[in-house]
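Following: one structure in structure tokens, then a few remarks.
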Amino acid sequence: MKNKTLVVLIIVILFILLIPIPMYLNDGGTVEYKAILYKISNVHRLTGDLGKEYEDGTIIEILGFEVFNNVK
């Protein structure tokens, strides 16, 4: 009985740590998907540069460390 409750508890904790919550930013269209362990940002934001209107790309962070960034 104890093993079954332990397995259920571990599954619930993993579910909480890995399920992202979408957040829509007011910077031109950026969407961030945040979970406790990671964050994925689909960037589409306005720049201050007159020649280039938007920055587009993806940023992935795991445990607060940026592992991928292709924002142009």
Side-chain angles (χ1 to χ4, degrees):
M1 188 68 170
K2 289 183 182 181
N3 285 340
K4 188 175 184 180
T5 58
L6 181 63
V7 169
V8 170
L9 181 64
I10 290 172
I11 290 172
V12 168
I13 290 173
L14 285 175
F15 185 75
I16 291 171
L17 292 176
L18 296 175
I19 298 300
I21 298 171
M23 302 178 80
Y24 301 94
L25 303 179
N26 292 327
D27 63 351
T30 299
V31 180
E32 287 187 346
Y33 300 96
K34 285 187 176 183
I36 293 175
L37 295 178
Y38 65 92
K39 177 174 79 168
I40 299 174
S41 301
N42 290 326
V43 177
H44 183 75
R45 61 182 169 217
L46 292 169
T47 62
D49 189 13
L50 294 176
K52 184 178 177 185
E53 293 184 20
Y54 290 101
E55 291 180 340
D56 290 318
T58 303
I59 301 172
I60 300 174
E61 294 180 13
I62 298 175
L63 296 173
F65 298 104
E66 189 175 289
V67 295
F68 181 76
N69 185 350
N70 72 343
V71 176
K72 299 176 184 174

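Below, each value reflects all heavy atoms present in this structure, side chains not excepted, and no hydrogens, waters or symmetry copies.
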Completion exercise
For Ile59, the hydrophobic cluster (side chain heavy atoms closer than 4.5 Å, chained through members) also holds Val43, Val71
Is there a path of hydrophobic side-chain contacts, each under 4.5 Å between heavy atoms, that joins [X] and [Y]?
X	Y	value
Leu63	Ile36	yes
Leu6	Leu14	yes
Tyr38	Ile13	yes

Fill in the blank from the handout: salt bridge (charged side-chain N to carboxylate O under 4.0 Å, His left out) pairs touching residues 16-31, sequence neighbours excluded, are none
Practice task
Count the heavy atoms of every other residue, nucleotide or ligand shown that sit under 6.0 Å from CD of Glu53, and state whether that count exceeds 12.
Solution key: no
Problem - Ile21 atom CD1, over 12 foreign heavy atoms within 6.0 Å - result: no
Side chain of [X], backbone of [Y]: donor and acceptor closer than 3.5 Å?
X	Y	value
Tyr54	Thr47	no
Asn42	Thr58	no
Ser41	Glu32	no

Taking atom [atom1] of [X] and atom [atom2] of [Y], what is their separation to the nearest 0.5 Å?
X	Y	atom1	atom2	answer
Leu17	Leu37	CG	CG	4.5 Å
Phe68	Ile62	CZ	CD1	12.0 Å
Glu55	Lys72	CD	NZ	12.5 Å
Glu61	Lys39	CD	NZ	4.0 Å

Completion exercise
Residues pairing under side chain to side chain donor-acceptor pair (under 3.5 Å) where one sits in residues 1-24, two or more places apart or in two chains, turn out to be none
